[in-house]
J.: 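Have a look at this one.
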Number of protein chains: 2
Amino acid sequence: MGGPSPVPARSRGNLTINDVARVAGVSKKTVSRVINRETQLKARTREHVEGVIAMLGYTPNPQARALALGRNFLIGLVHDNPNAQTVMSVQQGILEALRDTEFEMIVRPLDRGSPTMLDEFRDFIERQRLFGVVLMPPISENDMLARLCEEAGCRYVRMGSTALDTPDRMVASNDREGVRTATDYLIGLGHRRIALIAGPQGFRSARERRMGFEQALGDAGIALPSSWVAEGDYLFGSGVAAAERLFALEPRPTAIFSCNDEMAAGAIHAARAQGLDVPGDLSVIGFDDNPIAAHMWPPITTVRWPIASMARSAALKLVFERSQDGADEPSLFLSTLIRRGSVGTPR
Amino acid sequence: MGGPSPVPARSRGNLTINDVARVAGVSKKTVSRVINRETQLKARTREHVEGVIAMLGYTPNPQARALALGRNFLIGLVHDNPNAQTVMSVQQGILEALRDTEFEMIVRPLDRGSPTMLDEFRDFIERQRLFGVVLMPPISENDMLARLCEEAGCRYVRMGSTALDTPDRMVASNDREGVRTATDYLIGLGHRRIALIAGPQGFRSARERRMGFEQALGDAGIALPSSWVAEGDYLFGSGVAAAERLFALEPRPTAIFSCNDEMAAGAIHAARAQGLDVPGDLSVIGFDDNPIAAHMWPPITTVRWPIASMARSAALKLVFERSQDGADEPSLFLSTLIRRGSVGTPR
DNA sequence: TTGTAGGCGTTATCAC
DNA sequence: GTGATAACGCCTACAA
C-alpha cells in the first residue's frame with residue numbers, strides 16, 4: 001500500500017520445498033521423500049510434513065522436478081488422424097484420466113508421409129523428456145515409433161483396431177468382430193447383394209474391417225466379386241465416388257457396408273443424387289458412430305467403438321505403474337451395433 | 001558390443017551447453033548468448049559457436065531453461081467449446097504457428113459451470129509457468145481469465161466474435177457483418193418471412209449474430225415478431241426443437257437463419273421429418289462452415305469464419321514480440337458467405 | 001566483448 | 001530413518 005512492494009509476488013504458489021522444510025522443522029530431503037511417497041519414512045514424520053504441505057498449500061515446481069528427474073510430467077498425444085471427432089474423443093479420454101494428477105497433455109500431430117517424421121518424433125519425446133505418449137491410429141501401427149520410445153525411455157500405449165503390442169502397451173477395439181456382426185445383421189434381413197466401401201490400403205483398421213466383412217459373407221456362402229469392393233480414403237468425397245461406382249453395377253447392390261461413417265454419409269449423399277431411396281432402395285451401415293451418422297437423413301446405422309474409454313485406459317496405463325490403480329485397465333474393447341434408420345429389408 | 005555399455009545413452013540429444021563450450025573453446029555463457037540471440041557478441045564468435053552447435057546437433061534442454069527462466073516454452077490452449085471441428089481447427093492453426101519453433105502446445109479444457117474453474121485456470125498457468133495461452137470462445141469472453149493471466153505474467157490472446165481486448169491480445173471475426181450479408185442474401189431473393197434460430201444467451205457470438213440478423217431485417221423494413229426467434233444451444237438437437245416451434249407458426253417462415261451449422265442441420269432434419277422440402281418449401285442458412293454443412297443434403301449455405309487462420313495469428317502474436325515477425329498479424333478477420341444448395345427463392 | 005560465480009527448485013548420493 | 005552436499009542444465013549479475 002503505497003510504493004511498489006519489494007516482496008516478489010510469491011504470496012501463493014511460489015513456495016519452495018525449503019519453505020516447507022523450515023516450517024516443518026525437517027530437511028528438504030525429507031519433504032522430497034514425502035512428496036515422492038517413498039516408503040522408508042516414519043509414519044509420524046510423514047503425517048506431520050503432509051500437514052504442513054496442506055496448510056501452506058505448497059505444490060512442487062514441475063520445471064525443477066523435470067530437470068532433476070530428467071523426465072517431464074507430460075503425456076504426449078501423437079496422431080495423424082484426419083477425423084476431428086475421433087481426435088477430440090481421444091483427447092477427452094486422456095484428459096479425464098489425467099484429471100487431478102500432476103500430468104498435462106501435449107499434442108503433436110505427425111505427417112505420415114513426411115520423410116522427417118521419425119526424426120521429428122524422436123526429437124519430440126527426447127527434448128521434452130515425455131513421461132509417456134499415447135499413439136493414435138493409424139500412425140500407432142508403425143512399429144518404429146514404439147522402438148524409438150523404448151530407446152528414449154519413454155513409455156507408450158498404442159491404440160488400434162487389433163492387438164499390435166503387449167497388453168500393457170495396447171488398447172485395441174475388435175473391429176473385425178464388429179463388422180462381422182453388422183454384416184450378419186444385413187444378411188439376416190435378407191440382403192444378398194452386399195457391397196463394401198473399403199478403407200485405404202495400409203490402414204490396419206481398413207484391413208480388419210474388410211476381413212470381418214468377408215468372413216461374414218463367406219460364412220453365409222455369399223460370393224463377393226471384386227467389383228463389389230470399392231476402395232475409399234475414409235473421407236466423405238471418396239464415399240461419394242465409391243458409391244457411384246457401386247451403383248453402376250448390374251444388378252445393383254441392395255446394401256452397402258462402409259468402413260467408416262464419413263464415407264457412408266458420402267454414399268447416402270450419392271444415393272440421393274441418383275434418386276435412390278435409403279433405406280428403401282439401399283441399406284447402408286457405417287463404422288465409428290461419428291456425430292454425422294446420427295445427424296444424416298436417414299440416421300445411419302453404425303458400429304460404435306468406445307474411443308474415449310480406450311484413450312482413458314491408455315492414459316491410465318501410462319501413468320500408473322503395474323499392480324497399481326491403473327494396472328487392471330482392459331486392453332480389449334468391444335464395439336456395438338447401433339441400429340438407426342439407414343437399414344431396411346431388401347426390395 | 002558385448003556387455004552393457006557403461007556410457008550413459010547420451011549419444012545424441014543429451015549434449016549440454018558445456019559440451020558446446022568445450023568444443024568451441026569458449027565459456028558456456030558465450031554459448032548461452034548465442035542461443036538467446038543476444039546482440040553484444042562479436043560476429044565471428046557467434047558464427048563459430050553456431051557452427052559448433054550445428055555440427056554437434058546440440059539443442060538446449062527445455063527443462064533447464066524453464067527452471068532458470070521461470071517460464072516454460074509451452075503455449076496453452078484453453079477452451080470449453082463443444083464443437084470438435086472448431087477445436088481441431090484451432091489446434092491446427094496454433095500448431096502451424098508453432099511449427100519449427102521451440103514451443104509446444106498443451107491443451108486444457110475448462111468447465112464454464114464449475115465453481116473451481118478460475119482456480120483451476122490459475123493453477124494451470126502458474127504451475128506450468130506457461131509462456132502464453134490462447135483463449136477460445138466462448139470462455140474467452142470471461143474477463144477474469146485475462147486478468148489472471150496478467151497477474152501470473154502469462155501472455156494471452158483471446159479469440160472472439162468481436163473485439164474484446166486490445167489488438168495485440170485479440171483475434172476477432174466479424175460475425176455481425178457476416179450474418180447481415182447472409183440475411184441480405186435471403187431478402188434479395190424475395191424472402192420476407194425469415195425466422196431466426198438464435199444461439200444460447202450469454203454467448204457473445206450468439207448476440208453478435210442475432211444483432212446482424214436484426215439489423216438486416218430492420219434496414220429492409222421487415223418486422224421480426226418475437227415468436228419468430230427460437231433459441232437453441234448450438235447443438236443439433238436444439239436445432240430440431242427450434243425448427244419444430246418455427247414450423248408451427250402461421251404463416252410459416254419461408255427461410256430460417258440459424259446461428260450455427262449444427263442447429264441448421266437439425267432444422268433441415270426437422271423439415272424433412274415434416275415433409276418440407278429444402279430449399280423448395282424452406283431456405284436455410286447456417287454459420288461456421290462446419291463439415292456437416294457440406295455433407296448434409298442439401299448442402300447448407302453458410303457463413304465461414306477463418307478459424308485456423310485466426311488461431312494461427314493468435315499463436316504468432318503470443319510467440320513473437322512486438323515489432324517482430326508476428327507483430328503485423330491482423331486482429332480482425334472477415335467471414336464469407338458460402339453459397340450451397342439449401343437456399344432458393346420463396347414459393 | 002567475454003568469463004566467473006551463484007542461483008533456479010528439485011532429486012540422488014552417501015554418510016550419520 | 002534422516003540430513004548435508006552435490007548434481008540437473010541453464011541463465012543473471014557482475015567482474016574483467
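Just so it is clear, the model here is predicted, and its values are computed rather than measured. Note on naming: letters A, B, ... go to the chains in the order of the sequence lines (proteins, then strands), and numbering restarts at 1 for each one.
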J.: Indicate whether OP1 or OP2 belonging to C:dG3 is found under 4.0 Å from a side-chain N or O atom of B:Thr30.
T.: yes
J.: Would you call A:Arg155 and A:Glu150 a salt bridge, taking side-chain N to carboxylate O under 4.0 Å as the test?
T.: no
J.: Does one side chain, of B:Thr86 or B:Asn83, offer a donor that lies under 3.5 Å from an acceptor on the other?
T.: yes
J.: Round to a whole Å and report the spacing from CZ of A:Arg129 to C1' of C:dT10.
T.: 15 Å
J.: Base contacts versus sugar-phosphate-only contacts with protein, heavy atoms under 4.0 Å: please encode nucleotides 10-16 of chain D as B, S and - from 5' to 3'.
T.: BBB----
J.: What nucleotide, of D:dG3, C:dG9, C:dG3, holds the atom closest to the side chain of A:Val26?
T.: D:dG3
J.: Could you check how far CG of A:Leu41 sits from P of D:dG1, rounded to whole Å?
T.: 9 Å
J.: If you measure only the distance, is there a donor-acceptor pair under 3.5 Å linking the side chains of B:Arg65 and B:Asn36?
T.: yes
J.: For residues 47-58 of chain A, tabulate all N or O donor-acceptor pairs below 3.5 Å that involve a side-chain atom, not counting sequence neighbours.
T.:
{"unit_1": "A:His48", "atom_1": "NE2", "unit_2": "A:Ala24", "atom_2": "O", "d": "3.0"}

J.: Hey, which of these two, A:Gln40 or B:Leu67, hits DNA chain D nearer its 5' end, going by closest nucleotide?
T.: A:Gln40
J.: When you check the side-chain N and O atoms of B:Gln85 and A:Gln85, is any donor under 3.5 Å from an acceptor?
T.: no
J.: Is the shortest distance from a Lys or Arg side-chain nitrogen in B:Arg204 or B:Glu141 to a carboxylate oxygen in the other one below 4.0 Å?
T.: no
